[in-house]
Structures are given as C-alpha cells and as structure tokens.
Amino acid sequence: MDDKPNSEDLNENSEHLFSFGVIADIQYADLEDGFNFQGTRRRYYRHSLLHLQGAIEDWNNESSTPCCVLQLGDIIDGYNAQYNASEKSLEVVMDTFKKLKVPVHHTWGNHEFYNFRREYLTHSKLNTKFLEDQIEHHPKTMPSEDYYAYHFVPFPKFRFILLDAYDLSVLGMDQSSPKYQQCMKILKEHNPNMELNSPQGLSEPQFVQFNGGFSQEQLNWLNEVLTFSDTNQEKVVIVSHLPIYPDASDSVCLAWNYRDALAVIWSHKCVVCFFAGHTHDGGYSEDPFGVYHVNLEGVIETAPDSQAFATVHVYPDKMLLKGRGRVPDRIMNYKKEAGSGGSRL
C-alpha cells in the first residue's frame with residue numbers, strides 16, 4: 001500500500017497551501033552500532049545524527065520551505081543514561097536542530113523518560129508548548145500542566161495537536177507519587193509477567209512498560225479541541241509518539257488505551273491523519289472513518305546509505321507525503337463530508 005503519487009495526482013488543479021516535515025526515533029548516542037533488545041536489528045546510534053543533518057539540509061533547501069517540523073519522539077537513546085551522557089547527547093542533537101530554519105515541535109517518547117525525569121523535560125528545550133495556539137474564548141481548549149500536550153495552527157483552518165502518550169506511564173515518574181502507583185496498578189493488572197517489558201502471553205500485548213497511555217483528563221481536553229475544530233470547519237493533524245490504530249502498527253507498540261483515543265477521534269469529523277513513531281518499521285492504514293494513520297520509519301534503524309524522514313505537502317483536498325529513503329510516499333485524500341461508515345472499537 002505505498003500509494004505512490006503520480007504526476008497526475010501532483011498536477012491536479014489544487015493549490016499548494018503549506019508543507020511540514022516529520023522525523024521519528026532519532027535515538028542518537030555517541031556509540032558504535034548496536035542491536036535492538038532481541039538482537040535482530042541493527043541500530044546506528046552515531047550515524048543517526050548524520051541522518052538528521054541530511055534531513056535538515058533537505059528541508060532548508062526545499063523550494064517551498066516547510067512551516068515547521070514534527071519530531072515524533074525518542075530524540076536520544078536510553079543508552080545515554082548508562083554512560084551519564086544524557087544531557088550532552090541532547091545538547092548535540094538540539095545544536096543540530098538549530099540549523100533548521102523553521103520551528104520544531106517535540107513529542108516525548110519512552111527514551112526521553114529513560115534519560116530524564118518528567119520535571120526535567122518540562123523545563124527543557126524539548127518542551128515546545130510555548131508554540132501553542134490559545135483560543136481565548138474557549139478555556140476548555142487550554143491543556144492542563146498535568147500532561148505535555150498542546151495544539152497550534154500552522155495555516156488557517158488547519159490545527160495540529162500534540163498528545164502525551166506517556167501521560168499514563170511508570171517511566172520518568174516519582175515512584176512515591178499517586179499517579180505512579182495508579183499506572184503501575186494498571187500495568188500489572190494487564191501484565192502478570194515478571195519482566196514488565198515482555199508482552200509474552202498477553203491478550204493485550206500493548207501493556208508493557210515501554211508504552212504508556214492517555215489520561216481521561218487529556219482525552220477530555222482532546223475532545224474539546226476537536227469539537228472546536230469541527231465547529232470551526234478545520235482540518236486536524238494529530239501527533240503522538242505511540243500509534244493508536246492496530247492495522248498501522250504491530251500490536252506490542254500501541255498505546256495502552258488506544259481504543260479510548262480512537263473513540264474520541266472517531267466521534268469527530270475534522271481529523272485527517274494521525275502521525276506516530278515508536279515502531280521503527282513504519283506503518284500505514286486508513287481507518288473506517290477516513291483517518292490516515294502514519295507510523296514513520298525510525299532513523300535509528302536506517303542504514304547509512306539510506307534516509308528516514310518526510311515532507312508533507314498540504315492541498316485543499318489532500319495531503320501528499322513525500323518520503324525520503326525508506327519512508328514511502330503516501331496520498332491522503334480528505335474524507336467526503338457524507339457517509340463515513342465503520343464500526344467503533
């Protein structure tokens with residue numbers, strides 16, 4: 001399902017509105033190549049920085065410069081914590097991002113929490129909430145400080161929403177806090193394994209420690225923003241480190257309560273697509289309600305002679321994702337107003 005755009009698609013009488021960049025799972029560390037936890041897939045820790053430099057160079061030189069870049073989480077690798085190199089590695093990557101001519105919106109993934117406590121991230125350069133849009137006359141669209149999420153408008157009638165997929169999580173949290181205890185209870189109720197990162201034997205394999213979920217508070221906030229976007233006839237792009245649609249992801253990498261997130265999204269007509277990282281393999285599917293789920297291939301497992309990033313070109317009737325290296329091109333036509341059928345999870 002590569003959905004490669006052809007020249008006819010690209011030359012349709014649609015005016016180009018704006019573009020944005022996407023990149024996922026850089027996981028930089030100043031280390032020799034290694035392997036994933038199963039020892040089956042190569043990880044290019046040091047070379048991931050060169051891939052990022054190449055992506056930035058490409059975005060800076062595009063004929064229509066992207067308005068922003070979405071960084072989908074896992075910016076540095078968890079190994080940095082073992083070598084006391086977390087801050088240094090983050091600084092190296094952030095210095096590289098400084099060469100980009102447009103703003104970057106940072107999402108938090110599990111590797112952020114392997115390296116830093118939540119409090120640290122909140123006060124770090126990885127917190128890009130200052131770029132949010134504030135809808136003054138709709139106070140319920142203001143996110144709480146209890147989770148890292150916000151929305152912004154890169155172009156009139158288009159709203160982007162960043163979600164905190166580790167709002168419910170045992171990672172990066174004070175173990176004496178009530179929220180940690182609540183999340184550990186949820187995790188152990190669904191995962192009886194001694195090793196909580198193991199999905200072995202689970203009927204719901206997403207309940208592992210390296211995943212997380214969305215609190216009811218955050219889902220209520222998402223619902224308020226989507227209600228505003230429906231009323232305002234906006235199109236919405238949602239961003240999260242964790243995927244939420246099973247057909248676009250392996251079952252282990254989904255958010256704990258992905259069904260709850262889908263139920264909110266499917267009760268609105270404004271959402272065009274949902275971008276996530278985490279899987280490293282990538283994934284793509286259109287759900288029964290016409291929402292496209294795009295899991296971007298991870299930089300960390302991309303060979304030196306390839307690439308892994310994309311630019312999404314936005315038109316009045318569709319979005320065209322132009323992939324680089326192992327990221328395939330995609331066409332995402334907006335759903336028609338009438339009759340988007342399908343059954344809820």
Side-chain angles (χ1 to χ4, degrees), residues 5 9-23 59-72 100-107 127-143 148-164 218 221-240 264-276 286-287 289-294 296 309-322 329-338 340:
D9 292 313
L10 292 166
N11 293 330
E12 262 180 60
N13 46 12
S14 276
E15 58 170 325
H16 179 259
L17 302 177
F18 68 102
S19 302
F20 60 94
V22 277
I23 193 164
W59 285 320
N60 283 343
N61 291 323
E62 283 197 29
S63 52
S64 62
T65 310
C67 66
C68 65
V69 167
L70 308 175
Q71 189 275 111
L72 304 179
L100 186 66
K101 294 174 182 174
V102 299
V104 188
H105 294 266
H106 293 292
T107 313
N127 184 342
T128 43
K129 228 177 185 175
F130 66 92
L131 295 169
E132 72 182 343
D133 175 56
Q134 299 188 7
I135 307 168
E136 300 293 349
H137 53 290
H138 281 270
K140 288 182 177 175
T141 61
M142 287 290 292
Y148 173 65
Y150 65 93
H151 55 89
F152 67 99
V153 178
F155 190 88
K157 298 295 182 182
F158 286 85
R159 189 169 301 276
F160 285 30
I161 303 174
L162 268 77
L163 294 181
D164 184 348
Q218 186 180 181
W221 167 79
L222 174 62
N223 189 56
E224 292 289 349
V225 179
L226 295 181
T227 300
F228 177 86
S229 290
D230 277 347
T231 306
N232 207 33
Q233 296 186 305
E234 296 175 337
K235 290 185 168 47
V236 173
V237 172
I238 302 180
V239 179
S240 158
V264 173
I265 290 167
W266 287 350
S267 66
H268 297 275
K269 64 178 188 291
C270 54
V271 182
V272 173
C273 56
F274 189 106
F275 282 96
E286 181 183 356
D287 71 28
F289 288 80
V291 178
Y292 297 92
H293 296 264
V294 182
L296 212 70
F309 69 97
T311 303
V312 182
H313 302 283
V314 182
Y315 295 84
D317 58 340
K318 63 182 171 290
M319 293 187 183
L320 296 178
L321 184 148
K322 178 66 183 165
D329 297 345
R330 309 286 188 194
I331 305 172
M332 296 176 279
N333 293 304
Y334 306 148
K335 58 197 167 197
K336 303 290 182 279
E337 286 303 313
S340 57

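Heads up: numbering here begins at 1 and tracks the sequence.
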Counting N and O atoms only, with roles assigned by atom type, does the side chain of Q218 sit under 3.5 Å from a partner on the main chain of A149, one being a donor and the other an acceptor?
no
Quick check: are there more than 12 heavy atoms from other residues, nucleotides or ligands sitting under 6.0 Å from NZ of K157?
yes
Please find the pair of heavy atoms, one from K269 and one from K335, that lie closest to each other, and give the distance.
O-CE, 3.0 Å
Any side-chain to backbone donor/acceptor pair from D329 onto L320? Under 3.5 Å, distance only.
no
Donor-acceptor check, side chain of N127 to backbone of K129, threshold 3.5 angstrom: yes or no?
yes
Is there side-chain contact between L226 and E224, with heavy atoms separated by less than 4.5 Å?
no
How many angstroms lie between CZ in F158 and CZ in F20, if you round to the nearest 0.5 Å?
9.5 Å
Minimum side-chain heavy-atom gap E15-Y315 below 4.5 Å
no
Is any side-chain heavy atom of H16 less than 4.5 Å from a side-chain heavy atom of S64?
yes
In chain order, what residues pass the ring-ring contact (aromatic ring centres under 6.0 Å, His included) check against H138, with sequence neighbours excluded?
F228
Option from T227, T141, V264, V236 for which side chain to side chain contact (heavy atoms under 4.5 Å, CB included) with L222 holds
V264
Quick one: does Y292's side chain have a donor or acceptor within less than 3.5 Å of a partner on N333's backbone?
yes
Is the backbone of L162 close enough, under 3.5 Å, to the side chain of Y148 for a donor and an acceptor to pair up by distance?
no
T311 and E62: side chain donor to acceptor below 3.5 Å
yes
Can the ring centres of F160 and H151 be said to be less than 6.0 Å apart?
no
Measure from the side-chain N and O atoms of K235 to the backbone N and O of K318, and report whether any donor-acceptor pair falls under 3.5 Å.
no
Only counting residues at least two apart or in another chain, list the ones meeting side-chain hydrogen bond (donor to acceptor under 3.5 Å, both in side chains) with Y150.
H105, T128
Do the rings of F155 and F18 sit parallel, tilted or perpendicular, given the 30° and 60° boundaries?
parallel
